[in-house]
Amino acid sequence: MADPMKMRATLKGDTAEVRVLMNHPMETGQRKGPDGKVVPMHFIQNVEVKLNGKTVIEGQTSQAVSRNPVFSFRLKGAKAGDKLEISWLDNKGDKNQTETALA
Amino acid sequence: MRIAERSSALFAALALAAGPAAAQSQFEKYQKMVAESSPVELFELVGEDLWKKKQGPKSASLEQCDLGMGSGVLAGAYARLPRYFEDVDQVMDLETRMLHCMMTLQGRSREEATKRLFGNADKPSEMEYLSAYVAGLSRGHELAPGQSHPREQASYELGKKLYFVRTGLWDFSCASCHGEEGKRIRMSELPVLYKPEAARPLMATWPAYRVSNSTFKTMQWRLNNCFAQMRTPEPVFGSEVVNALNMFLTVTAKGEPYRGPGTKR
Amino acid sequence: MKRRIVLATAAATLAACASAPVVEHSKMTDAELAAITAVLKRDFRAKGQAKMDRLEPDAVQRACNLHADNPPESVAKSLEQAQLNTIKYPNGSLLGNWSSGRKIAESGRGMQWSEKPGSPGGGGCYNCHQLSPEQTSYGTVGPSLLAFGKTRGYGPDMQRYVYGKIYNAKAYNLCSQMPRFGYTASLTEQQMKDLTAYLLDPKSPVNK
Amino acid sequence: MDALRRVTLKAAAAAGVLAATALHPLRVFAAGWNKDAFQAKTPADALKNLGAAAPADSSAIVIDAPQIAENGAVVPIEVTSNLPSTKSIAVLIEKNPFPLAGKFEFHEGAMPFVKLNVKMGESSNVRVVAEAGGKHYTAVKEVKVTIGGCGG
């Protein structure tokens, strides 16, 4: 099963409140696993938000972001039907994305 | 608003406005913010997939599982558990009933289906995902566990006794920690769970994403882990003891609209 | 008392549809305790170091369960004396190393079914007590032990009391919520000495 | 979950298809990752590497966070900048081993607002640095991290 990712966008007037949930371990590289070995660093480094294909937010993140990251953003001048895409890329090159239409 | 700056009058006003269920707490803001930005929905999503996935010797999904409101009816079903099930002549909570459905609908053995009931952050369990999904479909429904059948009443009575019985290596009962108002373990406030005002907000938000485990935890896990802390042997999953405690807590919380799955420390 | 029951019943009847019945910690009969014990034994399984004998109520658990943690004076006194007799004091000093004691006070581990038998456990003291001012995350189930030695004295009688209380809290207060760490072999002699030092060494941060 | 797609570059890299980015227009993450700033071990070093060595205090940056966190694994932080034409917001947890937790750049259409959950090893100041009109501004809020539960 693909790792789930979920976006929820609510439109209030011309402002869209966007919340995105990502499934990711966000390993700090300092935690020991059950085998006693250090779990290697594994974390999301880039988060990008696109509105109708145009990049509106570019985030860079560290291993200090909590496991299963949740971000909220706000977009202005948005309207129903606008296409919203969010993607992430981690330090191992894994990536994931999700999209929704504003309603 | 700074907690320390709140006047007691404002405190009282807030408590009244929010009803007795909303006890004031120094962690109120933390808990509110954590709940608002919780990844818990991810678990509901995976749970839905697993609920609909054909599995077991019978290659069947759980979609026809009867959680007490009829085969396949999920809306509000969790809020009405635990309850008596005539087909097994037993009181069951959500997890106990789902295990029953895995065995009957999917033809899985108890051994196989209970092999890994409690997962971890790296690999949550099937039961955890499923609990998240099914509980989520009771949001907005008032907790109304079964109380009409004599077996349901007996379950409540057993749970009530169990809550206070001191046992295990360290002589604890549930009430050892959850027995007196205003007490803490470390910095965690201890709800007095035999009182409705404390049981209501708690039972309305379990099962839950637990921040300290970074994963989703079920009610059976919650009780199992309390017994671990009490230094008893391990309660059997789905046993009468666990169902009775769950029944006691849910009846104590009855009437509260379910708003989980929640997010906890 | 009678009035309280009447009121509680009336409230319960009035609110029967909307809210849960009023619950009180009530006394138990011998038969009820036997029935509950049987149910526990049926529904629990030994796992790891947590064996089924942990569900067998001893005289202390029995008395506290039968009397809802409030046994008659005579019962309490004679059982407390019996518990006092279980305490084994080490030869020589009762004061170990307060710094080791601090770690034991901080740790909430030990004696669980998931843990390796003999793996170092803790006293979990901070779960319930305030001890040193430097640790601000402390529980309040038990009394504050801040400046314990400083306010109560450091003498040999106090040392014997503290070691004894850690060894078997029920010797001093039969239905105390505190575990019997020595009696149940949850802490070693050295660990209990270290905890005693944490509370009673004048150099311990508890007494600063 | 139909809209959910997962592209794994690892496999492509392992197979030696290092030109994956050329085949796929994956240079979407134009911002890159400011390694020097993220690997800085002090807040001062991190700020220097962000090009924000001496930010001015500003009450136009609003940090909403709990004063007390029951668990350091998840500490929610909400940041709003009321500075006109805010270009970016950076969040630093001063006492973390690597203080910089994230930096967010806002283009036309985005409001200078972000909410995220961060890990905090201990009680610490949360410092926010916003860039607006070519200058850097900062605000601070303290979050106390406590220990909860039985710890068993």
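Quick caveat, the model's predicted, so the values are computed rather than measured. The figures that follow rest on heavy atoms only: side chains count, while hydrogens, waters and symmetry mates do not. In what follows, chains carry the letters A, B, and so on, assigned in the order in which the sequence lines appear, proteins first and then strands, with residues in each chain numbered from 1.
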Point-to-point distance, once rounded to the nearest 0.5 Å, from [atom1] of [X] to [atom2] of [Y]:
X: B:Ser239; Y: C:Leu40; atom1: OG; atom2: CG; answer: 9.5 Å
X: B:Cys177; Y: C:Asn127; atom1: SG; atom2: CG; answer: 8.0 Å
X: B:Thr232; Y: C:Gln112; atom1: OG1; atom2: CD; answer: 9.5 Å
X: B:Lys161; Y: C:Met28; atom1: NZ; atom2: CE; answer: 7.5 Å

Non-hydrogen side-chain atoms of [X] and [Y] separated by less than 4.5 Å:
X: C:Cys175; Y: B:Arg166; answer: yes
X: C:Glu56; Y: B:Thr167; answer: no
X: B:Asp171; Y: C:Thr184; answer: no

Quiz item: Is there a side chain to side chain contact (heavy atoms under 4.5 Å, CB included) between C:Leu33 and B:Val165 once you walk through the steps?
Solution: CA-CA 8 Å; C:Leu33 179 59; B:Val165 79; 4.0 Å; yes

Looking only at heavy atoms, which two atoms of [X] and [Y] are closest? And how far apart?
X: C:Pro21; Y: B:Val251; value: CD-CG1, 4.3 Å
X: C:Ser137; Y: B:Arg186; value: O-CD, 3.0 Å
X: B:Pro235; Y: C:Phe44; value: N-CD2, 3.5 Å
X: C:Trp113; Y: B:Pro233; value: CZ3-O, 3.3 Å
X: C:Gln61; Y: B:Gly168; value: NE2-O, 2.9 Å

Quiz prompt | Heavy-atom pairs under 4.5 Å with chain B, option from C:Arg180, C:Gln49, C:His25, C:His129 with the top count | solution = C:His25

Quiz item: For chain B, which of C:Met178, C:Met52, C:Lys170 has the most heavy-atom pairs under 4.5 Å?
Solution: C:Lys170

Exercise. Examine C:Phe181 together with B:Trp170 and report whether their ring centres are nearer than 6.0 Å.
Key: yes

Quiz item: Within the distance-only criterion (no hydrogens, no angle test), does the side chain of C:Asp43 pair as donor or acceptor with the backbone N or O of B:Glu240 below 3.5 angstrom?
Solution: yes

Self-check item: Main-chain N/O of B:Val236 paired with C:Arg45 side-chain donor or acceptor, under 3.5 Å
Solution: no

Self-check item: Atom CZ of C:Arg152: over 12 foreign heavy atoms under 6.0 Å
Solution: yes

Exercise. Would you indicate whether C:Glu134, at its atom CD, is surrounded by more than 12 heavy atoms from other residues, nucleotides or ligands within a distance under 6.0 Å?
Key: yes

Proximity breakdown for [X] and chain C, heavy-atom pairs closer than 4.5 Å:
X: B:Phe164; value: both
X: B:Leu162; value: both
X: B:Tyr163; value: neither
X: B:Asn243; value: neither

Counting only non-hydrogen atoms closer than 4.5 Å, does [X] touch chain B with its backbone (N, CA, C, O), its side chain (CB onward), both, or neither?
X: C:Asp53; result: neither
X: C:Ile36; result: side chain
X: C:Thr37; result: neither
X: C:Ser26; result: neither
X: C:Glu32; result: side chain

Exercise. Heavy atoms only, distances under 4.5 angstrom: which of B:Ile185, B:Val241, B:Leu169 has the most pairs with chain C? Name it, please.
Key: B:Leu169

Quiz prompt | Most contacts with chain C, counted as non-hydrogen pairs under 4.5 angstrom, among B:Glu180, B:Gln147, B:Met187 | solution = B:Met187

Quiz item: Do B:Arg184 and C:Tyr138 meet the cation-pi criteria used here (NZ or CZ under 6.0 Å from the six-membered ring centre, within 45° of the axis)?
Solution: yes

Quiz item: Under the salt bridge (Lys or Arg N to Asp or Glu O under 4.0 Å) criterion, do C:Glu24 and B:Lys160 qualify, and how do the steps go?
Solution: CA-CA 9 Å; C:Glu24 279 180 21; B:Lys160 182 166 73 177; over 6 Å; no

